[in-house]
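Working notes, beginning with the structure itself.
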Amino acid sequence: MSLGLPAARDKQVALSLGDSLDRGGASLPPDRRRIAFTGVGVAIGLVLFAIVWLSVLALTSFSPPVDNIEQLTWVRSLEWGYYKHPPLPTWLIWLPVKLFGLSAWTSYGMGAAMTLGALAIMWRLLVDLRGAAYAGLALLAALCITYYNGRLNYYNHNIVLMFIATASAALCWRAFATRQLRWWIALGFAIGLGLLSKYQTAVTVASVLAFALHQRAWRDPKHRVGLLCATLLALLMVTPHIEWLRGHDFGPIEYAEATSIGKSLDALARLNNSLRWLVDQLLNRGLPAFALLGVAALTLRKLNRVTPAQQMPQASPRRDPAKALIYAWGVLPLCFMLLVGVATGAELPLHWGTPFLLFAVPAVMELKPRRFWDRADLSRVLCAFLIIQALMMSREFVTSPNGISALASNHWRDFNSQEFEQSLAEAARTKLRGPVRIVIGKKQLAQTLALQLPERPLVLIDGSFDISPWLDRDAVARCGAVELGPTATLQGGVPVGPVLPGMSWRVLMPREGAAPCSL
């Protein structure tokens with residue numbers, strides 16, 4: 001079986017205007033100038049994109065994203081699972097923390113690397129599937145999706161899953177194209193990593209199976225063996241985590257179930273909730289990307305670059321594998337989650353679209369005839385891309401704590417975590433007669449305070465040692481702690497002040513006669 005990988009390889013000019021060479025090697029007429037991206041050009045462009053956007057997000061935020069703070073708390077102890085999620089994202093940030101320190105910027109770098117790495121893999125895959133011009137346009141459009149610019153500093157399980165799901169698409173294509181067992185093993189390894197990142201990897205498994213059905217994999221012995229090996233490897237990799245779940249009362253499963261709502265809702269209410277989620281993904285998060293595609297199509301028509309032959313549907317293989325792969329990752333995941341919402345009444349958090357929405361861009365591009373996008377004037381599209389990015393950056397500034405107060409977003413980033421730390425740090429050290437080693441309290445505030453304190457104390461989340469494996473049960477007795485809580489219930493507490501009304505803190509002194517503090 002052969003997928004018939006497209007042999008198109010345009011000679012490319014990296015991120016600059018210039019005459020491209022047509023697939024036959026002849027120069028294009030002057031009215032058909034275009035640009036394409038080389039691998040080096042894409043890498044440089046993505047690094048510049050990261051520098052600009054991370055700088056904007058740092059200037060418009062007083063506090064790191066909550067998910068980043070959470071990962072920087074969990075990384076203090078490498079486990080086979082954590083009370084909310086599987087372990088891989090925490091494992092991955094362990095080495096960067098060792099190299100660059102336990103800081104918000106370490107998590108920003110990891111988030112940007114994962115997000116832009118996924119987009120780079122998608123670009124490379126689309127070059128193979130549809131050519132350089134198509135892939136370049138898809139990359140620019142995907143970079144306009146608000147998940148991948150305004151949240152570029154996020155590092156969480158959805159970001160890691162996006163990288164793994166995109167890599168799985170590329171590996172799945174390789175496995176079917178080459179019929180080599182090594183690519184199936186690599187795909188199984190990726191799925192196993194996905195399962196160690198987030199259980200939503202089941203959606204990626206559905207994408208793989210859908211593409212396998214389209215390619216009639218059951219007819220080919222090599223594909224049957226490959227699928228079996230990939231499945232066994234993925235299950236083997238996730239087995240230690242399953243054992244950890246059994247020993248921890250399936251905490252992450254219960255957490256996932258806790259996000260479910262409305263199981264008693266009627267079918268119409270479930271459909272309404274799920275459709276609202278889908279509309280938000282496509283017409284809110286994805287709207288800037290589709291606007292860029294609209295600009296590309298409009299410039300094609302205005303410049304008469306779409307010939308009558310391109311305007312008419314062209315003959316294509318009855319079972320176009322490239323289109324099938326794009327739809328398997330760009331359409332099926334969104335439909336799958338829509339059906340889950342309708343069938344179970346589960347709440348679909350907006351961020352669930354993060355791992356999959358990037359492939360919605362080429363899925364929309366596939367609605368046009370083959371080669372429609374090949375003659376797009378990417379220089380004009382690049383200008384539109386820069387305008388869209390500038391508008392989104394302007395929005396970040398005007399809705400930030402330093403922007404227009406009437407337009408403030410009232411988001412977690414507005415919380416002044418530095419002022420929070422300064423309101424109690426010195427007084428707490430004075431009472432403890434030394435550095436703060438442990439912070440106790442609700443996860444969001446306690447973890448934020450711990451990250452702001454220069455001594456980087458450990459966090460006893462919600463006062464529970466069961467979900468804080470980096471602390472033994474005698475740690476507070478040996479080292480003392482700073483405890484946070486509501487003023488109404490924290491006996492003997494000192495009000496935090498105007499930065500956090502209604503909250504207080506108190507010091508728990510080490511127990512007399514306890515062993516010296518060692519953490």
Which atom pairs, one a donor and one an acceptor, fall under 3.5 Å between side chains of residues 49-64 and the rest of the protein, sequence neighbours left out?
from, atom 1, to, atom 2, distance (Å)
W53, NE1, Q389, OE1, 2.7
S55, OG, I51, O, 2.7
T60, OG1, V56, O, 2.9
T60, OG1, L57, O, 3.4
S61, OG, L57, O, 2.8
S63, OG, F415, O, 2.4
S63, OG, S417, N, 3.4
S63, OG, S417, OG, 3.1

Which donor-acceptor pairs under 3.5 Å do side chains of residues 84-106 form with protein atoms, sequence neighbours excluded?
from, atom 1, to, atom 2, distance (Å)
K84, NZ, E70, OE2, 2.7
T90, OG1, Q71, OE1, 2.7
W91, NE1, E79, O, 2.8
S103, OG, T106, N, 3.3
S103, OG, T106, OG1, 3.2
T106, OG1, G101, O, 2.7

Please tabulate, for side-chain N and O atoms in residues 159-172, each donor-acceptor pair with protein atoms closer than 3.5 Å (sequence neighbours left out).
from, atom 1, to, atom 2, distance (Å)
T166, OG1, M162, O, 2.7
S168, OG, I164, O, 2.8

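Qualifying side chain to side chain donor-acceptor pair (under 3.5 Å) partners for S504, counting only residues two or more places apart in sequence or in other chains: T487. Checked against disulfide (SG to SG under 2.5 Å), C479 has the following partners two or more places apart in sequence or in another chain: C517. Partners of E419 by salt bridge (Lys or Arg N to Asp or Glu O under 4.0 Å), not counting sequence neighbours: none found. Residues passing the salt bridge (Lys or Arg N to Asp or Glu O under 4.0 Å) test with R76, sequence neighbours excluded: none. Every side chain to side chain donor-acceptor pair (under 3.5 Å) that E396 has, sequence neighbours left out, goes to R413. For R151, the salt bridge (Lys or Arg N to Asp or Glu O under 4.0 Å) test picks out no residue, with sequence neighbours left out. For R433, the salt bridge (Lys or Arg N to Asp or Glu O under 4.0 Å) criterion is met by no residue, not counting sequence neighbours.
Sorted by first and then second residue, the ring-ring contact (aromatic ring centres under 6.0 Å, His included) pairs with a member in residues 436-460 form an empty list; sequence neighbours excluded. The ring-ring contact (aromatic ring centres under 6.0 Å, His included) analysis of residues 187-206, with sequence neighbours excluded, yields the pairs Y199-H241.
No side-chain donor-acceptor contact under 3.5 Å links S274 to the backbone of L271. W277 places a side-chain N or O within donor-acceptor distance of the main-chain N or O of P349, the cut-off being under 3.5 Å. Of the possible polar contacts, one joining the N149 side chain to the L143 backbone as a donor-acceptor pair under 3.5 Å is found. For D462 (side chain) and S464 (main-chain N/O), no donor-acceptor pair under 3.5 Å exists by modelled atom type.
The local environment of CD in Q418 is sparse, with at most 12 non-hydrogen atoms from other residues, nucleotides or ligands closer than 6.0 Å. Remark: R395 CZ is loosely packed, at most 12 non-hydrogen atoms of other residues, nucleotides or ligands lying under 6.0 Å away.
Inspection of the S107 and N68 side chains reveals an N or O donor paired with an N or O acceptor under 3.5 Å. Between Q281 and Y147, the side chains place a donor N or O and an acceptor N or O closer than 3.5 Å (distance only, hydrogens not considered).
A salt bridge does not link R511 to D474: none of the charged side-chain nitrogens sits closer than 4.0 Å to a carboxylate oxygen.
Taking the side chain as every heavy atom from C-beta outward, R506 and V494 never approach each other to under 4.5 Å.
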